[in-house]
Amino acid sequence: MGVALRDIIADCKETLDLDALKGVAAIDAHNALYQFLSIIRQPDGTPLMNAEGQVTSHLTGILFRTANFVEKGIKPVYIFDGTPPTFKQETLDQRREVRTRAGNAWKEALAVGDIAEAYKQASASARVDAYVIETAQELLGLLGIPWVQAPSEGEAQAAHMAGKGSVQFAVSQDYDSLLFGSPVLVRNLTVSGRRRVRGRTITVSPERIVLANLLDYLGVSREELIEIALLTGTDYHPGVRGVGAKTALKLVRNGEFESTVAEKLPDFDPASIREFFLAPPVTDDYNLSWSAPDTDGVVAMLSGRFDFSPERVEGALEKLSVKAKQQTLDQWF
DNA sequence: CTTCCGTA
DNA sequence: TACGGAAGG
């Protein structure tokens, strides 16, 4: 998923307190929904579901995380993907293949009673489908949280909105929004700060990456950062086999991007992907407004249709309502 | 993931 | 209050 720039970005990220982050956050909806669907499961991999068997893991995730963000002074806007570029098709096909295999491996692990393996494979089989997207958008609407339909990649739209100043930062676990020119990316934007890794619980803090600082630190331009990504591999092309971010950085700094492509990838014309990162399809047709939650509507949806405990739902809604009342009408609505 | 509850 | 583990739907 995304571009593997971690190795050259590690030294340029600043960890910070959730309380230090204020303002409007453009959230990569697909990334958030995928995380919820893959992680919010029982130990054997079964996702949370209502009595009808409809998955609810993503709705739990949105409800509690949104309530916490708003309480902390972060106003979220969720950005949904539109039509992917044609050159992403191979990657999308591969992911579907991986999910299908994981789904089968999940059943096999259950059959032999390997619970840990079952959870791992179930996580890998998670899919953000039309049902997930529709119910997520319905819930956001009832919560009074805006969302934007991107014409193409959500991270590109988020970057565009951050560049214009409509939002203060983009939120995703992937680094792609930096390639699309987002001035600020925030990763690990969670409230609990706890994450299970191989059975252990570790604490993770939000981390902020400022594009200008990153480019300055690496000594490259954004165009060159894109070249590094093209060599390393993106969602749109696998890149050069055996070349990671550090090697790619060296090559690009030495001005060897073109020659490396000519030598190692003679059939690859990077022009269209480079152009896509530099000027992706985006829209200015959006209106960001936050409103008080439709309490009855949320309870009707989550408790009425999806079997959530009314007490828990109301507890989360309280955080949203309190904040909406605290703000002057001007600031919040 | 986040909440909630038991334990120290 | 702090932490670990179970539950949530």
Would you call [X] and [Y] a salt bridge, taking side-chain N to carboxylate O under 4.0 Å as the test?
X        : Y        : answer
A:Glu227 : A:Arg274 : yes
A:Glu14  : A:Arg208 : yes
A:Arg95  : A:Asp235 : yes

Closer than 4.0 Å, any side-chain N/O of [X] to the OP1 or OP2 of [N]?
X        : N     : value
A:Lys319 : B:dT2 : no
A:Asn68  : B:dT3 : yes
A:Arg312 : C:dG8 : no

Using whole Å, report how far [atom1] of [X] lies from [atom2] of [N].
X        : N     : atom1 : atom2 : value
A:Leu48  : C:dA6 : CG    : P     : 16 Å
A:Arg187 : B:dC1 : CZ    : P     : 12 Å
A:Ile39  : C:dA6 : CD1   : C1'   : 17 Å
A:Leu59  : C:dG8 : CG    : C1'   : 13 Å
A:Glu314 : B:dT3 : CD    : P     : 16 Å
A:Glu311 : C:dG8 : CD    : P     : 13 Å
A:Lys72  : B:dT2 : NZ    : P     : 12 Å
A:His58  : B:dT2 : NE2   : P     : 16 Å

Would you please say whether a donor-acceptor pair under 3.5 Å links the side chains of A:Tyr236 and A:Glu153?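 Looking only at side-chain atoms, A:Glu153 and A:Tyr236 do form a donor-acceptor pair, the distance falling under 3.5 Å.
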
Between the side chains of A:Asp285 and A:Thr283, is a donor N or O closer than 3.5 angstrom to an acceptor N or O?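 Not at all, the side chains of A:Asp285 and A:Thr283 share no donor-acceptor pair under 3.5 Å.
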
Which nucleotide in the list B:dC1, B:dT2, C:dG9 gets nearest to the side chain of A:Phe64?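 Taking heavy atoms from C-beta onward, the closest nucleotide is B:dT2.
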
Result of checking A:Thr234, A:Asp174, A:Leu178, A:Ile228 against A:Leu5 for side-chain contact (heavy atoms from CB on, under 4.5 Å):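 Going through the options one by one, the only one that passes is A:Ile228.
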
For A:Asp17, which of A:Leu21, A:Asp19, A:Thr15 qualifies under side-chain contact (heavy atoms from CB on, under 4.5 Å)?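 The single option meeting the side-chain contact (heavy atoms from CB on, under 4.5 Å) with A:Asp17 is A:Asp19.
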
With a 4.0 Å cut-off on heavy atoms, is A:Pro43 in touch with a base, just the backbone sugar-phosphate, or nothing at all?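 The answer is nothing, as A:Pro43 stays clear of every strand by at least 4.0 Å.
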
Within the structure shown, what part of the strands sits under 4.0 Å from A:Gln54 by heavy-atom distance: base, sugar-phosphate, or nothing?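 A:Gln54: no heavy atom of the nucleic acid under 4.0 Å.
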
In residues 298-309 of chain A, what residues come within less than 4.0 Å of DNA chain C, judged by heavy atoms?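 Heavy-atom cutoff 4.0 Å gives A:Phe306, A:Asp307, A:Phe308, A:Ser309.
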
